[in-house]
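Chain identifiers are assigned alphabetically (A, B, ...) following the order of the sequence lines, protein sequences preceding nucleic acid strands; residue numbering begins at 1 within each chain.
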There are 2 protein chains.
Amino acid sequence: MATDTYSRILDSAQSLIVTRGYNAFSYADIAAEVGVGKATIHHHFPGKADLAVAVIARYRQATADGMGAMAAQVTQADMRLAAYVGFWEQCIRDNNAPFCIAALLAAELPSLPPEVAEQVKAHFDELIDRLTVFIDEGLQSGALKSPDNAEKSARLLVASVHGAMLAARVAGGDADLFSSITQAALQRLTG
Amino acid sequence: MATDTYSRILDSAQSLIVTRGYNAFSYADIAAEVGVGKATIHHHFPGKADLAVAVIARYRQATADGMGAMAAQVTQADMRLAAYVGFWEQCIRDNNAPFCIAALLAAELPSLPPEVAEQVKAHFDELIDRLTVFIDEGLQSGALKSPDNAEKSARLLVASVHGAMLAARVAGGDADLFSSITQAALQRLTG
DNA sequence: CCGTCTCTACCGACTAGTTGGTCGGGAGTC
DNA sequence: GACTCCCGACCAACTAGTCGGTAGAGACGG
């Protein structure tokens, strides 16, 4: 199913969206980067929205897989949250994907094609759900504590992480700044 | 200095940037909205970057004025933070400026003209500085408490607010969701 | 083994529309 | 006369998307 060209187009689109957003990348950019004609991209993804949807859909699947694998290895709730935050810290440090695509697209949401916006919303819901489960378990086992319920705590944590990404980007990709902010956010839950 | 047309162009540009970001608004959009020719915009702002810089510069000034006026009226640190957060909650509720321009542009930062990026960074620095001062006073007077120092607390608060803006936007401009997240963030400081 | 039939992957050349930006000039004011 | 404000007409460059066509692989029948 997934040709080499097909996934290389997805890779290129993903990295372009991460750095520039939806509105500031073009088929020409991808064509040049992948080394194919523009028409080839249209062959695999009829329209720009289809391409973006495919990118986020793959991203959601990767997130699901990664979170699942992590949860299988790490059993304690506080360590799970630390792993989630640490994953992004490493991404920023390596500068390979220094921003959550969904968070970036969320900013542009009002100017996004509806199908793309749908995917962004879906990712947010899934992310909150997953972290809510982790935090809920942690609150019950005593590994975590919070004056709020699990869902509210999850929403605040996600907001802090996304805001920290913005701060790190403004500071020129400062992974230490990201870490400093997110560690403070985690401390609220680990006590 | 500031002609009517001049500031109406700025108003239009500001609202377009807030909803669409830098890369997805055009001179034609503004011309249609304000009811002038495209060339008129170029008369006042030679290039797109000049326009964006002017928008953020005015925004920074308005922030400075507003924060100053608020600080003059509200003397207690915890109330000052609540006023800052409450201002944005009201903006989202009224849907007039449901996002911080600087936060939106921060997401697009790598694709922004350098002069614009400079303004965005300047706003972030100013905002952090101001809130750091508020929090520092609150920590000394005992109105606030935090395991972290004032600057770190300010950075976490700002990140939470910006992340909450993203969450609210994804949820279709849900001001209650924004409030829920930011109140939890404030609670960390007010105890 | 040969022909042909079909399907996928791919591309060069094109289109209609939009982008930011320029130019020369007109109207009003000091 | 000089200056500010503004405009219609224009431009080169770029945008997403279309079109007809090619090259190759696999399947089928003879």
Check your understanding: So how far is it from A:Thr190 OG1 to A:Gln183 CD, rounded to the nearest 0.5 Å?
Key ->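 Here the interatomic distance stands at 8.5 Å.
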Review point. Are any of the side-chain nitrogens in B:Arg130 or B:Asp125 under 4.0 Å away from the carboxylate oxygens of its partner?
Key: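 Salt bridge between B:Arg130 and B:Asp125, a charged N being under 4.0 Å from a carboxylate O: no.
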Exercise for review: Answer yes when B:Arg93 and B:Asp176 have at least one side-chain N-carboxylate O distance shorter than 4.0 Å, and no when they do not.
Suggested key: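 Result for this pair is yes, salt bridge flagged.
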Give the rounded distance in Å between these two atoms: [atom1] of [X] and [atom2] of [N].
X       : N      : atom1 : atom2 : result
A:His43 : C:dG12 : NE2   : C1'   : 16 Å
A:His42 : C:dT8  : NE2   : P     : 20 Å
A:Asn23 : C:dT18 : CG    : P     : 16 Å
A:Phe45 : C:dA9  : CZ    : P     : 11 Å
A:Asp4  : C:dC10 : CG    : C1'   : 14 Å
A:Lys48 : D:dC14 : NZ    : P     : 15 Å
B:Ile41 : C:dT22 : CD1   : C1'   : 15 Å
A:Leu16 : D:dT15 : CG    : C1'   : 15 Å

Practice item. List in chain and number order the residues that pass side chain to side chain contact (heavy atoms under 4.5 Å, CB included) with B:His42, two or more places apart in sequence or in another chain; answer none if no residue qualifies. Key: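 Listed in chain order: B:Tyr27.
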Review point. Within 45° of the six-membered ring axis of B:Phe134 and under 6.0 Å from that ring's centre, is NZ or CZ of B:Arg80 located there?
Key: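 Yes, B:Arg80 sits over the ring of B:Phe134.
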Practice item. Would you please confirm or rule out a distance under 4.0 Å between OP1 or OP2 of D:dC5 and any side-chain N or O of B:Thr40? Key: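 So the side chain of B:Thr40 is outside the cut-off, no N or O lying under 4.0 Å from OP1 or OP2 of D:dC5.
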**Study point:** side-chain N/O B:Tyr27 vs C:dG21 OP1/OP2, d < 4.0 Å
**Key:**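 For C:dG21, OP1 or OP2 has a side-chain N or O of B:Tyr27 closer than 4.0 Å.
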Exercise for review: Return yes if the base of C:dG20 and the side-chain atoms of B:Lys38 contain a donor-acceptor N/O pair under 3.5 Å, otherwise no.
Suggested key: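 Side chain to base: pair found, below 3.5 Å.
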Check your understanding: What's the closest nucleotide to the B:Ser26 side chain, out of D:dC5, C:dC23, C:dT19?
Key ->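 For the B:Ser26 side chain, the nearest candidate turns out to be C:dT19.
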Review point. Between D:dC6, C:dG12, D:dT15, which nucleotide has the shortest distance from any of its atoms to the side chain of B:His44?
Key: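 Looking only at heavy atoms from C-beta outward on B:His44, the closest nucleotide is D:dC6.
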Review point. So what does B:Phe25 hit on the nucleic acid, given a heavy-atom distance under 4.0 Å: a base, only sugar-phosphate, or nothing?
Key: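 Sugar-phosphate contact only.
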Check your understanding: If you pin B:Thr5 and A:Asp29 to their nearest nucleotides in DNA chain D, which one's is more 5'?
Key ->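 Looking at DNA chain D, the more 5' nearest nucleotide goes with B:Thr5.
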